[in-house]
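Order of listing sets the numbers, starting from 1, for every ligand and every atom in it.
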Amino acid sequence: MFKHDRISAIRSELEAIAGRGNVRTDEAEILMYSYDSGMARARPEVVINFTSADQVAPAVKVLYGAGIPFLPRLAGTNLSGGTIPLKGGAILNLSRLKKIRQIDTAARLALVEPGVVNLELQKALEPFGFFYAPDPSSQKVSTIGGNIGENAGGPLCLKYGVTSDNVEKLEVVTPEGEVKLWSYRDRGPDLMSVMIGSEGTLGIVIRAWLKILPLPSQLRTASAAFPSLESAMEAVTRIIGAGILPRALEAMDKVSMDAALGKANAFPEGTEAVLIIELDGSDKAAIDTELETVRGICAANDCATFKVAGDEAERTLLWAARKGAYPAMARLAPDVLVEDGVVPRPLLPEALKETRAIISKYKLTAGLLFHAGDGNLHPNIIFDRRDIQEVKRVKKAGYEILKSCINLGGTISGEHGIGVEKRVAMNWLYGRAELDFFQGIKRAFDPAGLANPDKILPVATELAAGEPGSKAFGSASAGREASSVFSGRSALSPSARGILDELRLRSAAGTLTAVTGLGTRLKPEHIHKIKGAENTRQLKLRPLSGRSEIDKGNLTARAEAGLSFEDFGRQLREAGLYIDLPLLKGSVGGLIVSKICPDLRGHLLGLEVALADGTLLELGGKTVKNVAGYDAIRLFCGSLGTYGVILAATFALSAGQAPAKPRFEENPDWDVFEPDTIHRRLKKEFDPRNLLNPWVYKGPL
Ligand SMILES: Cc1cc2nc3c(=O)[nH]c(=O)nc-3n(C[C@H](O)[C@H](O)[C@H](O)COP(=O)(O)OP(=O)(O)OC[C@H]3O[C@@H](n4cnc5c(N)ncnc54)[C@H](O)[C@@H]3O)c2cc1C
């Protein structure tokens, strides 16, 4: 049966759920949903306009039963083709689900529907003296559902984290039409976090509990003009190295400034880069001291003018210039490609230099905007899509910029997602092992492959095209030895290699393994008493405790999994650094998999993991933002050693002295966990013979 016929066959069922006039197949509606803010185009066969969140699950069940692909769509402002229906099927239009259901200032939570526009939520929170931290530049139109779909970020994410760090709980419709309630605090692997940034490929968020924060009483906003991008970036590195964490640290180059400000550009002659620095807090004296330190650092790095906004009007003007830079560039030409790459922050000057060289090599014009504090750059390349040659040059330039980020130990997207437009680049970033792992996640959530198909992961033809050494892979990335990216990471230690070899042997022999750390919670001497663990052999991770590798400039450190968290903390202290967490007892790996402290996930940037068959996965790295692929790092939080063996982890750090923390009260039920169907399917994907800690997943997978 053709897809159209299949839709006719279920139309009455869909109409019974969503209402008669809300199931649309007319040309105007189909055309309207054939494009988004990216460059790809494709037509859906039906658009379903929902008026109640409770209509979504039954409609998805009907589509699933009929084998019709579907995708959730909100404002369509994503920049990677995420809402383009590549295989036709149904658009699930959630934009009418825009009720703010509850603002609970005591619990610091807001319960919202996915269609709530980000700025509308901010406006609703303001009278209560609260705000929601993620503030994408598109916040006037983009929605909470879309922000969750893309794991959106914005200027304030430097201090307060991206969307994933600001969500407490989600109500999700799975691709089979089941309704689930997931929080990152749930026992077991963190399914909520995997949903965030999954671009509608793993399910549909129908309600979200968002973390809200009290508005700071003190706010200082300053602009600093520099004679070069390099001097501006040096100032950024020094500000953060001084232990100051501004709530925003944004930058723009001269091209963006000229576009945004035009004749109103009052920065001195010779200004090549401007920083916008915003500090917040509740202690006036402390903020003023920080502001003076920032002023001093900027002056020491050739800053020509440092201006503090005198009032709200001046502050708004400054932000209007930053947030208006994209639309201003867009006015210069019919089309703009907004690229989105991330590198470890100290390498941003090099990334910018390479980006400029690429732009000039392809004879293009671009304004450079960047979340300087996050190492996240956005070249806005202007062009005219009617000029085919120019389009080709733009695409090539975009890919070369991404490759240059990868070569600097960075990633291909910090906030705009992969969608269809960066699928091929996933091969340059990851090896086959990681891509297979992501495919496993997709199959576990969406066995029929109907939820936003062909997004995020390279399709078969692209896999071949992206093999290292192939033409498409390109010279920029050639010669990388590892299966994966994030080259900032060091080689595996002999102990880690030993564990990989041991796992391969055990896998060949079908040996059941009990993974043991320091014995803080899972006591090696008690393992034989656990039901289902009688025939296991221990795999001791204690030897995995080499000295941590601290990158002071980037404020990151990599620790092996067997290192005690206390020793890790001591090593950081010696370097004048810390992880902003309570004092936790146990090994680095043990703390991650036991999820004793769910907030630990917010500090994790990278993981090296051995699967049960000895396959090495390298996930994430030294960048503070990364939305390329599923959030597999957080999936390992709470995995209780069942999905793979963590070998090493990379953490984001803070500079200075750790603030005193109250004693951490541990949940004694850390290992009480009832796997969900999706947990079981994930286990089957990663460890089909249930070799690792087999007692956790009892019964058939
Ligand atoms: C001018 C401009 C500036 C921008 N600035 C930023 C910025 O500063 N930071 C940033 O991060 N992004 C930015 N973006 C990109 C874009 O605005 C964000 O990705 C935004 O989060 C998308 O929201 P939306 O409502 O438009 O979602 P859509 O584009 O409609 O959807 C985005 C993705 O989420 C999925 N999705 C939608 N609803 C759901 C749901 N309920 N459950 C699960 N998945 C869902 C969709 O299938 C799609 O894959 C910018 C875009 C533009 C055009």
Side-chain angles (χ1 to χ4, degrees), residues 33 35-38 40 44 50 53 56 60 69-86 90-95 97-98 112-120 134-157 162-164 167 170-175 192 194-208 248 250 322-331 335-338 340 342 369-371 374 376 378 380 413-421 445-446 451-456 625 627:
Y33 290 94
Y35 67 94
D36 60 16
S37 305
F50 292 98
V56 179
V60 168
F70 50 85
L71 67 86
R73 166 158 177 148
L74 280 154
T77 65
N78 78 86
L79 295 161
S80 47
T83 42
I84 298 304
L86 295 176
I91 296 280
L92 311 179
N93 177 16
L94 310 173
S95 56
L97 310 180
K98 50 184 178 192
V112 304
E113 293 184 341
V116 171
V117 170
N118 181 298
L119 194 64
E120 295 303 318
D135 58 338
S137 304
S138 57
Q139 68 183 154
K140 275 188 195 161
V141 271
S142 76
T143 63
I144 297 300
N147 295 170
I148 292 172
E150 299 287 354
N151 196 8
L156 299 191
C157 294
V162 289
T163 299
S164 184
V167 173
L170 292 178
E171 189 170 331
V172 172
V173 174
T174 70
M192 182 204 91
V194 184
M195 271 304 299
I196 300 175
S198 64
E199 304 187 25
T201 64
L202 303 182
I204 301 131
V205 173
I206 53 169
R207 289 182 184 91
E250 296 289 302
R322 165 61 182 91
K323 295 201 175 183
Y326 165 83
M329 289 299 294
R331 282 194 290 274
D335 299 283
V336 189
L337 173 81
V338 187
D340 173 28
V342 195
L369 286 174
F370 37 109
H371 305 303
D374 294 327
N376 188 187
H378 292 312
N380 289 300
S413 182
E415 50 185 31
H416 293 171
I418 301 302
V420 57
E421 307 204 343
F445 277 79
D446 180 21
N452 209 357
D454 289 353
K455 298 288 167 64
I456 299 182
K625 273 173 156 179
V627 295

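Shown here are the ring pair (Phe, Tyr, Trp, His ring centres under 6.0 Å) partners of His416, two or more places apart in sequence or in another chain: His378.
Of the charged side-chain nitrogens involved, at least one lies within less than 4.0 Å of a carboxylate oxygen, so that Arg322 and Glu250 count as a salt-bridged pair.
Considering only heavy atoms from C-beta on, Ile148 stays 4.5 Å or farther from Met195 through its side chain.
Residues Thr201 and Asp446 bring no donor and acceptor atom of their side chains to less than 3.5 Å of each other. For the residue pair Asp340 / Ser413, a side-chain donor-acceptor distance below 3.5 Å is found, with atom types taken as modelled.
A heavy-atom cutoff of 4.0 Å around ligand 1 is satisfied by the protein residues Pro72, Arg73, Leu74, Ala75, Gly76, Thr77, Asn78, Leu79, Gly82, Thr83, Leu94, Pro114, Pro136, Ser137, Ser138, Ser142, Thr143, Gly145, Gly146, Asn147, Gly149, Glu150, Ala152, Gly153, Glu199, Gly200, Gly203, Ile204, Val205, Tyr326, Glu415, His416, Asn452.
Gln139 pairs with exactly one of Asn118, Asn147, Thr77 by the side-chain hydrogen bond (donor to acceptor under 3.5 Å, both in side chains) rule, that one being Asn118.
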